[in-house]
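Contents: one structure, followed by commentary.
When reading the values below, keep in mind they use all heavy atoms of this one structure, side chains included, and skip hydrogens, waters and symmetry mates.
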Amino acid sequence: LERAAEAVGQGDLSQRIHLRDGDQLQAFAQSMDFAVGELRWQMEEIRRHSEAIRKILQQLQQNPSLSPKALEDLRQAHLQIDQALGRFKV
């Protein structure tokens, strides 16, 4: 239980807590598994947004009238999202 909680705290959302049936902590483990599942769903949602930004950046790179600063700002925002996502294991 302790190892699973530490792993989740470090961003490993692939963790599941396994306890024997009837264990007093079973309800807690189920609640934690639900919470981790919700976090996993949210991370996948962020990944989808990141991919959408990446596609927009590709399209904008083909547009010569776009300000180089605006393009760099988008590139940096995309990089920050990817770095934040990299802290999680799903």
Side-chain angles (χ1 to χ4, degrees):
L1 180 62
E2 187 176 330
R3 276 183 258 138
E6 287 174 4
V8 169
Q10 293 174 357
D12 185 353
L13 301 182
S14 66
Q15 291 294 311
R16 305 258 318 150
I17 299 173
H18 302 283
L19 298 173
R20 295 180 302 272
D21 285 342
D23 193 310
Q24 291 178 341
L25 294 174
Q26 190 174 15
F28 172 73
Q30 290 172 342
S31 294
M32 286 299 297
D33 284 344
F34 176 79
V36 169
E38 289 294 307
L39 287 171
R40 187 180 306 118
W41 178 84
Q42 290 177 21
M43 291 304 299
E44 290 300 324
E45 190 72 12
I46 292 170
R47 272 204 177 93
R48 282 190 286 278
H49 291 301
S50 178
E51 180 61 19
I53 290 172
R54 187 189 63 74
K55 288 178 181 177
I56 291 168
L57 282 170
Q58 286 177 338
Q59 292 172 355
L60 291 175
Q61 286 173 335
Q62 297 170 3
N63 182 350
S65 66
L66 182 68
S67 149
K69 172 140 177 40
L71 184 58
E72 182 57 28
D73 289 347
L74 281 171
R75 215 178 263 123
Q76 287 299 318
H78 183 252
L79 178 63
Q80 289 172 348
I81 288 172
D82 281 347
Q83 288 173 344
L85 288 171
R87 294 185 202 114
F88 292 89
K89 299 173 192 164
V90 179

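The two residues R40 and Q15 have their closest heavy-atom pair at NH2-O, 4.2 Å. A pairwise comparison of heavy atoms in R16 and A4 identifies O-CB, 4.4 Å as the closest pair.
In this structure, L79 and R75 have side chains that are not in contact, with every pair of non-hydrogen atoms separated by 4.5 Å or more. Counting only heavy atoms from C-beta outward, the side chains of I81 and H49 never approach each other to under 4.5 Å. By the 4.5 Å heavy-atom criterion applied to side chains, L85 and R47 are counted as neighbours.
Cluster annotation: L25 and M32 are assigned to the same hydrophobic cluster (Ile/Leu/Val/Met/Phe/Trp/Tyr, side-chain heavy-atom contacts under 4.5 Å, transitive). Under the 4.5 Å side-chain heavy-atom criterion for ILVMFWY residues, a single connected hydrophobic cluster contains both I46 and L13.
Rounding to the nearest 0.5 Å gives a distance of 12.0 Å between CD of E45 and OG of S50. Atom CG of L39 and atom CD of E44 lie 12.0 Å apart (nearest 0.5 Å).
The residues R48 and E51 are annotated as not salt-bridged, no charged nitrogen and carboxylate oxygen being separated by less than 4.0 angstrom. R3 has no carboxylate O lying under 4.0 Å from a charged side-chain N of E6, or vice versa, which leaves the two without a salt bridge.
With hydrogens and angles left out, the side-chain atoms of Q80 and Q76 include no donor and acceptor closer than 3.5 Å.
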